[in-house]
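Everything on this sheet refers to the single structure shown next.
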Amino acid sequence: MMTAALVLGGAGLVLGAGLAFVAVKIAVPPDERVAAVRERLPGANCGACGFPGCDGLAAALVKGEAKPDSCTAGGPATAAAVAEVLGLEAVAGERMVVAVHCVGTNQAARRSYEYLGIADCRAAAIMPGGGPRACSYGCVGLGTCVRACPFDALAMDDEAGLPVVDREKCTSCGICTQECPKNIMALVPASQPTLVSCRNLDKGPQVRKACSAGCIACGLCVRSCPQKTISLVNNVACIDPAGCDGCGTCVEKCPTKCIVFTHNVPVVQAV
């Protein structure tokens, strides 16, 4: 009995030592660059980069599976710091900000019925007509995008019933664009001077029945634009930001005032 125990014990010790030796031999030392990159990320863990948090992005950056400017929350400064660690050149693209493509305020947008359900845009949007407002393309107005923003860059204008953007706080993470069930939140170049704040694809008479501020595809903006950078696409005016110089002719001519200057967007402080 004693002999068998000694034999088994000895075999276990030999086997354990062997496994330990192999583990040491095949072990891959941690890449110190992952920790260095991680230290340079802002730690927002917003997921806007497409990876599970900053740890996942740091590992992907070191593996070459992500670009130095993948962290939109960190902006150009973070991109430059990450690129320095990786020995790459940081290429800074134009800063993007989110824009609200709807001017259908509580006063302008007609309501089809009163909604008394869950205070969430996604829940209201699956109701008949796409929500209580007569425009099925417009903002639902329950603030889901505001609550989703991790950077406090959105707030609800309660009187208007629309979200407003703090362009200085916006990191272009894009989370609000994903949460909006109406797809009226979109990232645009920060330098774009004018914006078509409507995405109603219906024809003019139908738009007028639903909202007095919607784009009726009259074409006045197209014909009056000196730079010829506006076109009508699916009954909605579209501005090519590359050619717009912000002269404001379209803003002046638009009969429903759905074309606005981006720098005139009001800022409402979150409470």
Would you mind telling me which of Pro181, Pro163, Cys139 makes a side chain to side chain contact (heavy atoms under 4.5 Å, CB included) with Cys121? Pro181

Considering the options Val222, Asp240, Thr194, which one meets the side chain to side chain contact (heavy atoms under 4.5 Å, CB included) requirement together with Thr229? Asp240

Is it true that a side-chain atom of [X] and a backbone atom of [Y] form a donor plus acceptor pair closer than 3.5 Å?
X      : Y      : answer
Arg133 : Gly104 : yes
Asn235 : Leu201 : yes
His101 : Val196 : yes
Ser70  : Cys49  : no
Arg95  : Pro189 : no
Tyr115 : Ala125 : no
Lys182 : Ser136 : yes

Charged N to carboxylate O under 4.0 angstrom, Asp69 versus Lys67? no

Between Glu84 and Arg40, does at least one N-O distance fall below 4.0 Å, as a salt bridge requires? no

Around [X], counting heavy atoms of other residues, nucleotides and ligands shown, do more than 12 lie under 6.0 Å from its [atom1]?
X      : atom1 : value
Lys203 : NZ    : no
Glu159 : CD    : no
Lys228 : NZ    : yes

Which value, rounded to the nearest 0.5 Å, describes the distance between [X] atom [atom1] and [Y] atom [atom2]?
X      : Y      : atom1 : atom2 : value
Asp202 : Ile216 : CG    : CD1   : 13.0 Å
Ile184 : Asn200 : CD1   : CG    : 12.0 Å
Met156 : Arg147 : CE    : CZ    : 9.0 Å
Lys253 : Ile259 : NZ    : CD1   : 12.5 Å
Glu94  : Ser191 : CD    : OG    : 3.5 Å
Phe151 : Cys170 : CZ    : SG    : 9.0 Å

Compare every heavy atom of [Y] with every heavy atom of [X], then report the nearest pair and how far apart it is.
X      : Y      : answer
Cys198 : Cys215 : SG-N, 3.3 Å
Cys71  : Leu57  : CB-CD2, 4.0 Å
Asn106 : Arg111 : OD1-NH2, 3.6 Å
Gln107 : Ala160 : OE1-CA, 4.2 Å
Asn45  : Arg38  : ND2-NH2, 4.4 Å
Ala124 : Leu142 : CB-CD1, 3.8 Å

